[in-house]
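The next block holds one structure in the form of structure tokens; read it before the comments.
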Amino acid sequence: MNHDRSLVNATRAAARVALVTCTDLPDLDEDDRALIPALAARGIAAEPVAWDAAGADWAGYDLAVVRNTWDYAKRRAEFIAWARSVPRLANPAAVIEWNTDKRYLRQLAEAGIPIVPTTWVEPGDAFVPEGTGEIVIKPAVSAGSIDTGRYDLGSQAALAAEQVRRLQEAGRLVMIQPYLDAVDTAGETALLHFDGEFSHAIRKGAILTGPYVEGDLLYQNENISPRTPSDEERALAARVLEALPVPAGELLYARVDLLPSPDGPVVIEVELAEPSLFFGHAEGSAERFAAAVERRLSRG
Ligand SMILES: Nc1ncnc2c1ncn2[C@@H]1O[C@H](COP(=O)(O)OP(=O)(O)O)[C@@H](O)[C@H]1O
Ligand SMILES: [Mg+2]
């Protein structure tokens, strides 16, 4: 009976969603806080929970959405074990595991995707800086530009070698890339997709000014503005989504980050774990994301 059904709807408990953060950002990053009213407008009660919060009841949520877990780089094994323990997680734990180590770029390159040219230096490998020009040194497991530096081989080769050694001594796989200096003027382009559908894009200004300096940051400051991606960038992002190990339609969110190069756009990284989604730079994007969460909840 209609009457009964409306009664059931009226009394059904609101869906509960955890927006997963880290202890340093207990109330989420400002941008992600926009999700709370956007989800509330759809009758979904969302609250921030740190991934390593003692006593968090993950099974008590209809969905846990990974958002601001930016402290995982030094505790990746613990983070992945946590992800595997959460019954309903977006994106799924296997995707988070694949995506939190930039070795996945090698797989994309093998699938024919143009990536930033990269030399991989294992902890036991010898590294002798050669050539001229500027390079970037970064660990394969990193977020927020932490532990990442830019070196002019003409004058900073010794510093570069020291930074590689420092990362190697910490047991980390090191990535060496040419500094793609078109980023200084054109910036980096991040293309955001929800459920595999393009939502919006942003421009991120260049971040690296020089060698790595020791600090205790969670992430480097970023200069963000709205961007309309070129057709070439849209097409490359679509190819990247096709090359992922899971169908892009199964991913609540997927961010494809591109740098300009002399040969056209190249992939610097794909963010499927904890990307900033830049809701504040694209009208309606938090609502589109909330709609994607709602679809997931209704699928059960
Ligand atoms: N090869 C490169 N050329 C120019 N800039 C780079 C390069 N690699 C990294 N950067 C700069 O460093 C930032 C962080 O590097 P990225 O690979 O995106 O790692 P993270 O996972 O820390 O975001 C980028 O947003 C970009 O500004
Ligand atoms: Mg990045």
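Atoms within a ligand are numbered from 1 in the order they appear, just like the ligands themselves.
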Closest candidate by heavy atom, reference [atom], pool [options]:
atom                    : options          : result
atom 13 (C) of ligand 1 : P117, S145, P260 : S145
atom 16 (P) of ligand 1 : M175, Q177, E269 : E269
atom 17 (O) of ligand 1 : R150, K138, E274 : K138

Query raised in the report: Is there a donor-acceptor pair under 3.5 Å between the side chain of R203 and the backbone N or O of S225?
Result: no

Would you mind telling me if ligand 1 is within reach of the side chain of [X], the backbone, both or neither, using heavy atoms under 4.0 Å?
X    : value
L259 : side chain
K102 : side chain
V136 : side chain

Query - Worked check of side chain to side chain contact (heavy atoms under 4.5 Å, CB included) between F289 and L192 - result: CA-CA 10 Å; F289 190 86; L192 287 303; over 6 Å; no

Return yes or no for this condition: an N or O of [X] is under 3.5 Å from an N or O of ligand 1.
X    : value
L180 : yes
L208 : no
K204 : no
Y179 : no

Report task. Decide yes or no on side chain to side chain contact (heavy atoms under 4.5 Å, CB included) for W51 and D71, but give the supporting numbers first. Result -> CA-CA 10 Å; W51 67 274; D71 59 354; 2.8 Å; yes

Report task. Could you note down all residue pairs passing side chain to side chain donor-acceptor pair (under 3.5 Å) where residues 171-189 supplies at least one of them, sequence neighbours left out? Result -> T118-Q177, K138-Q177, D147-R172, R150-Y179, Y179-D184, T189-R227, T189-E233

Requested in this report: Give a yes or no on whether D231 atom CG has more than 12 heavy-atom contacts from other residues, nucleotides or ligands under 6.0 Å away.
Outcome: no

**Report entry** In one Ile/Leu/Val/Met/Phe/Trp/Tyr side-chain cluster, 4.5 Å: I96, L108
**Finding:** no

Query raised in the report: With Y212, which residues qualify under ring-ring contact (aromatic ring centres under 6.0 Å, His included), at least two apart?
Result: none

Report summary line: Under 4.0 Å from one or more heavy atoms of V116, ligand 1 contributes atoms 1 (N)

Report summary line: Near E188 (heavy-atom distance under 4.0 Å), the atoms of ligand 1 are 24 (C), 25 (O), 26 (C), 27 (O)

**Report entry** P48: which of L35, T21, D29, V20 passes side-chain contact (heavy atoms from CB on, under 4.5 Å)
**Finding:** T21

Query raised in the report: Does any N, O or S atom in E271 come within less than 2.8 Å of the Mg ion (ligand 2)?
Result: no

Requested in this report: Identify whether the distance between the nearest side-chain nitrogen and carboxylate oxygen of R16 and E47 falls below 4.0 Å.
Outcome: yes

Query raised in the report: Between F194 and F279, what is the ring plane arrangement, given parallel below 30°, perpendicular above 60°, and tilted in between?
Result: tilted

Report summary line: Answer key: the N, O or S atom of E269 nearest to the Mg ion (ligand 2) is OE2

Query raised in the report: What do you reckon, does D257 put a non-hydrogen atom under 4.0 Å from ligand 1?
Result: no

